[in-house]
Protein chains: 2
Amino acid sequence: MERSSTTPGGSARREATRQKLYEAAVTLIAEQGFSATTVDEIAERAGVAKGTVYYNFASKSVLFEELLRHGVGLLTASLRDAAEKTAREGGSRVDALDAMIRAGLVFIDRYPAFTQLYVAELWRTNRAWQSTLMVVRQQAVAVVEGVLREGVANSELSEEIDVPLTAAALVGMVLVAALDWKSFQPERSLDDVHAALSRLLQGRVSGHR
Amino acid sequence: MERSSTTPGGSARREATRQKLYEAAVTLIAEQGFSATTVDEIAERAGVAKGTVYYNFASKSVLFEELLRHGVGLLTASLRDAAEKTAREGGSRVDALDAMIRAGLVFIDRYPAFTQLYVAELWRTNRAWQSTLMVVRQQAVAVVEGVLREGVANSELSEEIDVPLTAAALVGMVLVAALDWKSFQPERSLDDVHAALSRLLQGRVSGHR
DNA sequence: GTTTTTGTACTGACCAGTCAGTTCAGAAGA
DNA sequence: TCTTCTGAACTGACTGGTCAGTACAAAAAC
């Protein structure tokens, strides 16, 4: 009997196989892109037969879509956690943003391939999984937007800021800086990178003022 | 007689054909990715025969590499212009950064497909044109780094900033915000977007201080 | 008369998806 | 405990289609 959808229930064995396939697919697709990655490669890297891929997923693109959902789920949860923890501990909204920057960096540090793949596919148009991507993007950005809005509401942040645009810009700042970090100067520490971005967030770039 | 390398010289007619091919390729690859775009499609969209593609470029990936070089050349020139113009008019380095943000937005506004494609390919590893990308990326980021360094040198900017990382973060901020603008709220004006990013750059996000 | 483009046809490699058959893990019976 | 049975999970050779790149003769363009 086949399943092949977003099935939470499933034997332990099956779940393990799916996990192996996710891991194989994420690195290969990050390196080469979706179309340049063959199902045979994914199966080989995961150490299973090609048929197993199709036993577990309806198609190559379904595998990819579920991979996306899975990964962004992790990211969103981690951002939300960071924001809530800050709030619980009585931090300001700017502190929450800062904590989210760090959470983003930690995520990218742990799952660089996923991040790479996400960025590469996010702005493509005319692709099968377009709608999935939109949903999934909105989930992540919405967390940032939420904190910005709260900050504006309690006038901790200027009410002139453009919430959606600023949220996108912040996400972009972290994303690109982190990918650069991983690609071009991987020896640096997370704290280092975090400090640099924090400074930018809090406008401590200019010398005086 | 064949040519098919980075040939600056070439008849006007040939140059026109190449231009048509660039334009066709850039939109198709931005939408679908490199591997999912066929040479037949590119030829058809450009309104030329398939043989013409191979008369003008050695292969599909050579066409793509030259496209990259061509596009980033335009961007780099435009950033440099903005920085120099500001300097000539006696603006500060922060003004120069602001002008470069605007130049970046103008570029993305004019060549959204190229930008999309560039972002999608930049962090891929294991691809044929990897080295081309590295060179080309460095060209663009170097312009921003240059201005930051000058700012630090004349202590207009804090000497604690991390130049390469901050440059990457700024580029990312503009890139992602602009792609979001184009993809999700294209009705907004360039000035609007510029104002939001400018505010972020100058730390005018917090309400007080 | 030389360069560039056209159009069509072709080849050979590659690849997503299929399917008939095999293995496995654990339940039911002895 | 050991055997048999069952359905879920997995296998890998195979198929049909797609596509990069080639070939080339004839026509435009310069």
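Sequence lines set the chain letters: A, B, ... in the order given, protein chains first and strands last, and positions in each chain run from 1.
- In the model, B/Asp98 has a side-chain atom that pairs as donor or acceptor with a side-chain atom of B/Ser198 under 3.5 Å.
- OP1 or OP2 of C/dT4 has not a single side-chain nitrogen or oxygen of B/Asn56 nearer than 4.0 Å.
- Residue contacts for B/Val48: at a heavy-atom cut-off of 4.0 Å it reaches the sugar-phosphate backbone alone, with no base atom in range.
- Aromatic ring centres of A/Tyr22 and A/Phe57: separated by under 6.0 Å.
- For the residue pair B/Glu41 and B/Ala36, the shortest heavy atom distance occurs at OE1-O, 3.9 Å.
- At least one side-chain heavy atom of B/Glu66 sits less than 4.5 Å from a side-chain heavy atom of B/Arg18.
- Side-chain contact of A/Ser78 with A/Asp81: a donor-acceptor pair under 3.5 Å is absent, judged by distance alone.
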(Q) How would you summarise protein contacts on nucleotides 12-19 of chain C per nucleotide, using B for base, S for sugar-phosphate only and - for none, with heavy-atom distances below 4.0 Å? (A) ---SBBB-
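- The distance from atom OH of A/Tyr55 to atom P of D/dG7 is 13 Å, rounded to the nearest whole Å.
- For the residue pair A/Ser158 / B/Arg199, no side-chain donor-acceptor distance below 3.5 Å is found, with atom types taken as modelled.
- In this entry the distance linking CD of A/Glu15 with P of D/dA9 reads 11 Å, nearest Å.
- At whole-Å resolution of the value, CG in B/Leu28 and P in D/dC19 are 13 Å apart.
- Side-chain nitrogen and oxygen atoms of A/Arg14 include at least one within less than 4.0 Å of the OP1 or OP2 phosphate oxygen of D/dA9.
- Contact annotation: A/Thr52 does not reach the phosphate of D/dA9 (side-chain N/O to OP1 or OP2, under 4.0 Å).
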